[in-house]
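Worksheet: the structure to be examined is printed underneath.
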Amino acid sequence: MRSEMKTNSLRRNTVLVGIQWGDEGKAKIIDHLAESADIVVRFQGGNNAGHTIVVGQEKTVLHLIPSGILHTNTVNVVGNGVVFDMSVFLEEKTKLEARQVDVSPKRLKVSELCHVIFPLHQLLDRARESAKSKIGTTGRGIGPTYGDKSMRLGLRLGDLNRPETAKARFLANYHEKLLQLKELGQTEVPPADEMWAQCLETFQKIKPHLVDTSRFLNDESKAGKQVLFEGAQGTLLDIDYGTYPYVTSSNTSAGFASCGTGLGPSQLHYVLGLTKAYTTRVGSGPFPTECLESDAEVGQWIAKKGNEFGSTTGRARRVGWLDLVALRRACEVNGVQGLALSKLDILSELKSIKICTAYELDGKRSQNFPNFDLERVKCVYEEIEGWPNFHGTQKENELPKAVLQFIKRIEDYTGVPVAMISTGQKRDEMIVRV
Ligand code: IMO
Ligand code: MG
């Protein structure tokens with residue numbers, strides 16, 4: 001099994017996905033793998049993501065630009081499955097430019113098929129949140145933009161190159177959204193002409209980055225280049241397989257890496273699933289292993305030590321124990337071939353650590369993740385001994401015995417080998433088991 005990872009590091013296209021509720025530490029793994037990749041591509045989500053990379057003393061938070069950008073050997077691509085906020089892209093670009101990172105169109109490409117997030121989408125997202133739904137979204141307009149895409153009301157970046165027809169469609173959509181916004185009590189909406197003019201002006205700066213990214217990726221792939229797919233969010237937030245309706249509005253799982261880039265499924269060679277050694281969730285929705293009541297204190301301790309605050313919205317993340325029932329389901333849905341573990345070091349110095357190995361629902365015990373009634377399940381836990389600190393180590397033989405037992409338990413339960421272990425936030429704090 002390990003040899004798959006080896007082939008991968010030599011020259012295979014890897015898909016990295018988060019297999020919890022997001023915030024698993026994907027950017028650090030992408031940054032690590034990008035060293036030997038040629039292209040890093042985002043395939044879904046938008047600037048609801050918050051991807052943090054730490055190199056030396058410097059911390060970089062990216063929301064939209066792929067996390068391979070700090071490696072000069074890579075071309076970074078925003079694939080068609082991503083919903084695109086033009087202003088956020090330009091802000092990120094400017095920040096990177098200020099640090100002498102090359103973000104020229106030569107190494108930063110955007111699909112002309114990305115759907116555009118307009119201010120209307122953000123207003124609607126926020127108005128819905130305050131008026132009714134309370135999903136706890138990031139307020140970035142993600143749901144309304146994907147909604148418009150499915151309803152065939154959206155505009156793609158390439159449509160802005162045809163301003164006459166695009167404007168007519170924009171106006172039709174504007175008036176429809178205006179009614180919805182009024183209904184939700186949001187009356188302060190900038191005039192349509194102002195919004196449109198602003199959009200076209202901003203677009204001029206995006207234009208040089210636009211390409212047919214599917215064409216680009218296929219050509220490069222045929223030429224033997226290695227592609228790394230960067231997932232955003234996590235499987236439990238997937239629109240189909242997540243905890244609906246408390247999910248994001250895209251398919252976050254590995255299968256979508258193909259749809260969201262235009263590289264066929266046969267080009268996805270290796271799926272790496274990333275999980276923390278515990279679980280976090282931002283926003284509302286069921287969370288079986290959440291540390292509440294007698295575990296509330298230890299939950300707060302983990303949250304503080306693990307700095308569990310959202311890098312997009314700054315919200316405090318809810319914290320819970322590792323959930324193997326959910327994890328195995330996520331491994332299946334994604335076809336995970338190797339696991340990456342993060343934040344094991346955060347749990348060090350706890351006396352004991354809990355792992356959820358089954359759910360009980362209406363008196364019945366099961367290891368299958370249910371599609372409904374997740375808010376009613378009771379967790380069955382195994383408790384294992386804690387471990388001493390090993391922060392930053394790069395050698396597997398320096399890992400405490402209890403950590404190796406914990407890893408073995410995850411491998412046995414999921415049937416998937418652990419291929420990478422992150423031991424800290426920094427780039428080189430990592431053990432690769434190949
Ligand atoms: P990364 O890529 C954690 C959550 C929101 C909310 C739900 C829907 O950093 O792991 P949305 O704005 O997408 O409509 O919100 O999804 N959410 C995330 N949680 N990490 C993320 O991204 C997230 N992106 C969205 O908190 O519960
Ligand atoms: Mg996040």
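Atoms within each ligand, like the ligands themselves, are counted from 1 in listed order.
- Ring centroid separation for the pair Y174 and F118 does not come in under the 6.0 Å cut-off.
- The part of L237 lying near ligand 1 is the side chain, judged by heavy-atom distances below 4.0 Å.
- A donor-acceptor pair shorter than 3.5 Å cannot be found between the side chains of Q186 and Q180.
- Listed by atom number, the atoms of ligand 1 under 4.0 Å from W21 heavy atoms are 3 (C), 19 (N).
- For the 3.5 Å distance criterion, the side chains of N218 and Q267 fail to qualify, holding no donor opposite an acceptor.
- Proximity to G50 (heavy-atom distance under 4.0 Å) selects the following atoms of ligand 1: 1 (P), 9 (O).
- Annotation for ligand 1: atoms under 4.0 Å from non-hydrogen atoms of D23 are 1 (P), 3 (C), 9 (O), 10 (O), 20 (N).
- When only modelled atom types and interatomic distance are considered, Y359 and D323 share a side-chain donor-acceptor pair under 3.5 Å.
- In T313, neither the side chain nor the backbone holds a heavy atom less than 4.0 Å from any atom of ligand 1.
- Using cut-offs of 30° and 60° on the angle between ring planes, the pair F43 and F229 is perpendicular.
- By heavy-atom distance, the residue among T243, T52, V61, T138 lying nearest atom 12 (O) of ligand 1 is T138.
- Of all the heavy atoms of R140, none lies under 4.0 Å from any atom of ligand 1, so neither backbone nor side chain is involved.
- Within the listing of ligand 1, atoms 1 (P), 2 (O), 9 (O) sit less than 4.0 angstrom from a heavy atom of H51.
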query: How far apart are the C-alpha atoms of E220 and F216, what are their side-chain angles, what is the distance that settles it, and do they pass the side-chain contact (heavy atoms from CB on, under 4.5 Å) test?
result: CA-CA 6 Å; E220 294 296 293; F216 172 77; 3.6 Å; yes
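- In terms of polar-atom proximity, T248 is counted as a contact of ligand 1, with an N or O under 3.5 Å from an N or O of the ligand.
- Inclusion of N48 in the set of residues having an N or O under 3.5 Å from an N or O of ligand 1 is warranted.
- Under 4.0 angstrom from ligand 1, there are no non-hydrogen atoms of R281.
- Interface of G136 with ligand 1, defined as ligand atoms under 4.0 Å from a residue heavy atom, comprises 5 (C), 6 (C), 26 (O), 27 (O).
- Between V282 and ligand 1, at least one pair of N/O atoms sits closer than 3.5 Å.
- Defined by atom type and a distance below 3.5 Å, a donor-acceptor pair is missing between the side-chain atoms of N251 and S253.
- Using modelled atom types, one finds no donor on one side chain facing an acceptor on the other under 3.5 Å when comparing R317 with N307.
- When each atom of ligand 1 is checked for a heavy atom of V247 under 4.0 Å away, the hits are 7 (C), 8 (C).
- Ligand 1 places these atoms under 4.0 Å from at least one heavy atom of G283: 27 (O).
- Close approach of ligand 1 to K26 (heavy-atom distance below 4.0 Å) involves ligand atoms 1 (P), 2 (O), 10 (O).
- The backbone N or O of T252 lies less than 3.5 Å from no partner atom in the side chain of S250, so there is not a single donor-acceptor pair.
- Among heteroatoms of the N, O or S kind in D23, OD1 lies nearest the Mg ion (ligand 2).
- Ranking protein heavy atoms by distance to atom 15 (O) of ligand 1, first place goes to T137 CA, 3.3 Å.
- Between F406 and W387, the ring planes lie perpendicular to each other; the angle is over 60°, past the 30° to 60° tilted range.
- The protein atom (non-hydrogen) at minimum distance from atom 25 (C) of ligand 1 is Q233 CG, 3.7 Å.
- Taking only nitrogen or oxygen atoms, main chain and side chain alike, R315 reaches within less than 3.5 Å of ligand 1.
- In terms of N/O distances under 3.5 Å, ligand 1 is not approached by D125.
- Using a 4.5 Å heavy-atom threshold, the side chains of K343 and Y278 count as touching.
- Between the side chains of S67 and E230, at least one donor-acceptor pair of N or O atoms lies under 3.5 Å.
- Side-chain atoms of N334 and T235 form a donor-acceptor pair, as typed in the model, at a separation below 3.5 Å.
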